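Following: one structure in structure tokens, then a few remarks.
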Amino acid sequence: QVQLVESGGGSVQVGGSLTLSCVASDLPFGDYAMAWFRNGRERVAVIDRRPGGTTYYADSVKGRFTISRDNAKNTVYLQMNSLKFEDTGRYSCAAGRPTGNWYLFVLFGDFSQYAHWGQGTQVTVSS
């Protein structure tokens with residue numbers, strides 16, 4: 001049974017940083033794009049199946065968040081810097097793969113196209 005387990009959430013002050021991790025098990029990790037969603041449907045960041053591959057960032061996090069993956073460790077990361085109040089939420093990782101073009105999937109695939117989800121980890125940004 002596929003499992004995605006997130007960690008690294010917590011409470012942080014405005015301007016602070018957090019790094020989220022998501023470890024996948026029973027999943028051919030290198031065959032899946034990995035994404036971070038906030039509060040279920042808000043797509044925050046996506047990386048295609050290769051480390052250093054195509055990435056997507058929501059406009060609200062561009063320049064502050066960085067998604068990366070280590071296929072040897074079956075792990076995807078979200079480095080979050082310069083955190084704002086509006087970054088507060090439950091962050092879930094998800095795994096998906098397209099039926100067609102990988103590039104378009106990374107840039108435009110929405111939550112309904114991701115087959116596997118973690119339970120999420122809470123991030124709270126306060127003053």
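This is a predicted model, so every value here is computed, not measured.
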- Over 12 non-hydrogen atoms of neighbours within 6.0 angstrom of CD in Gln13: no
- Task: Would you check if the distance from the ring center of Phe111 to the ring center of Trp117 is below 6.0 Å?
- Result: no
- Transitive ILVMFWY side-chain link Tyr77 to Leu4, under 4.5 Å: no
- Message: So, taking the atom named CH2 in Trp36 and the one named OG1 in Thr121, what distance separates them when rounded to the nearest 0.5 Å?
- Response: 7.5 Å
- Enter the distance from Arg64:CZ to Gln79:CD here, rounded to the nearest 0.5 Å. 12.0 Å
- Query: Taking the side chain from Arg90 and the backbone from Gly120, do they hold a donor-acceptor pair closer than 3.5 Å?
  - Reply: yes
- Message: Using side-chain contact (heavy atoms from CB on, under 4.5 Å), reason through Tyr57 and Ile67 one step at a time and then give a plain yes or no.
- Response: CA-CA 9 Å; Tyr57 295 97; Ile67 188 170; 3.4 Å; yes
- Query: What about Ile47 and Phe108, same hydrophobic cluster or not, with Ile/Leu/Val/Met/Phe/Trp/Tyr joined at side-chain heavy-atom distances under 4.5 Å?
  - Reply: no
- Query: Does NZ or CZ of Arg97 come closer than 6.0 Å to the centre of the six-membered ring of Phe105, within 45° of the ring's axis?
  - Reply: no
- Query: What's the spacing between Thr55 OG1 and Lys62 NZ if we round to 0.5 Å?
  - Reply: 9.5 Å
- Message: Is it the case that the side chain of Tyr91 and the backbone of Ser7 share a donor-acceptor pair, with hydrogens and angles ignored and the cut-off at 3.5 Å?
- Response: no
- Is the count of non-hydrogen atoms from other residues, nucleotides or ligands lying under 6.0 Å from Gln122 atom CD greater than 12? yes
- Item | Six-ring centre of Phe29, Arg69 cation under 6.0 angstrom, axis tolerance 45° | yes
- Task: Provide the closest heavy-atom pair for Cys22 versus Met34 in the form atom of the first, atom of the second, distance.
- Result: SG-CE, 4.5 Å
- Give a yes or no answer on whether the side chain of Thr54 reaches the backbone of Asp48 with a donor-acceptor pair at less than 3.5 Å. no
- Message: Salt bridge check, Asp87 against Arg38: does any charged N sit closer than 4.0 Å to a carboxylate O?
- Response: yes
- Task: Report yes or no: does Glu42 contribute a side-chain atom to a donor-acceptor pair with the main-chain N or O of Asn39 at less than 3.5 Å?
- Result: no
- Option among Thr66, Thr19, Val44, Leu20 that satisfies the side-chain contact (heavy atoms from CB on, under 4.5 Å) test with Met80: Leu20
- Transitive ILVMFWY side-chain link Val2 to Val5, under 4.5 Å: no
- Message: For Leu107, is there any backbone N or O sitting under 3.5 Å from a side-chain donor or acceptor partner on Arg43?
- Response: yes
- Counting only N and O atoms by type, is there a donor-acceptor contact under 3.5 Å from the side chain of Glu6 to the main-chain atoms of Cys93? yes
- Query: Does Ser17 reach the main-chain N or O of Asn81 with its side chain, forming a donor-acceptor pair under 3.5 Å?
  - Reply: no
- Message: Between Thr75 and Asp70, is the side-chain hydrogen bond (donor to acceptor under 3.5 Å, both in side chains) condition met? List the steps.
- Response: CA-CA 5 Å; Thr75 302; Asp70 184 338; over 6 Å; no
- Might you point out which heavy atoms bring Pro51 and Asn71 nearest each other, and give the distance in Å? CD-ND2, 3.5 Å
- For residues Leu27 and Ala95, report the shortest heavy-atom separation together with the two atoms involved. CD2-CB, 3.9 Å
- Task: Considering non-hydrogen atoms only, spot the tightest contact between Val125 and Thr88 and give its length.
- Result: N-OG1, 2.9 Å
- Message: I need the Leu83 CG to Phe65 CZ distance, nearest 0.5 Å.
- Response: 5.0 Å
- Message: Measuring centre to centre across the rings, with the benzene-like ring taken for any Trp, is Tyr114 within less than 6.0 Å of Phe37?
- Response: yes
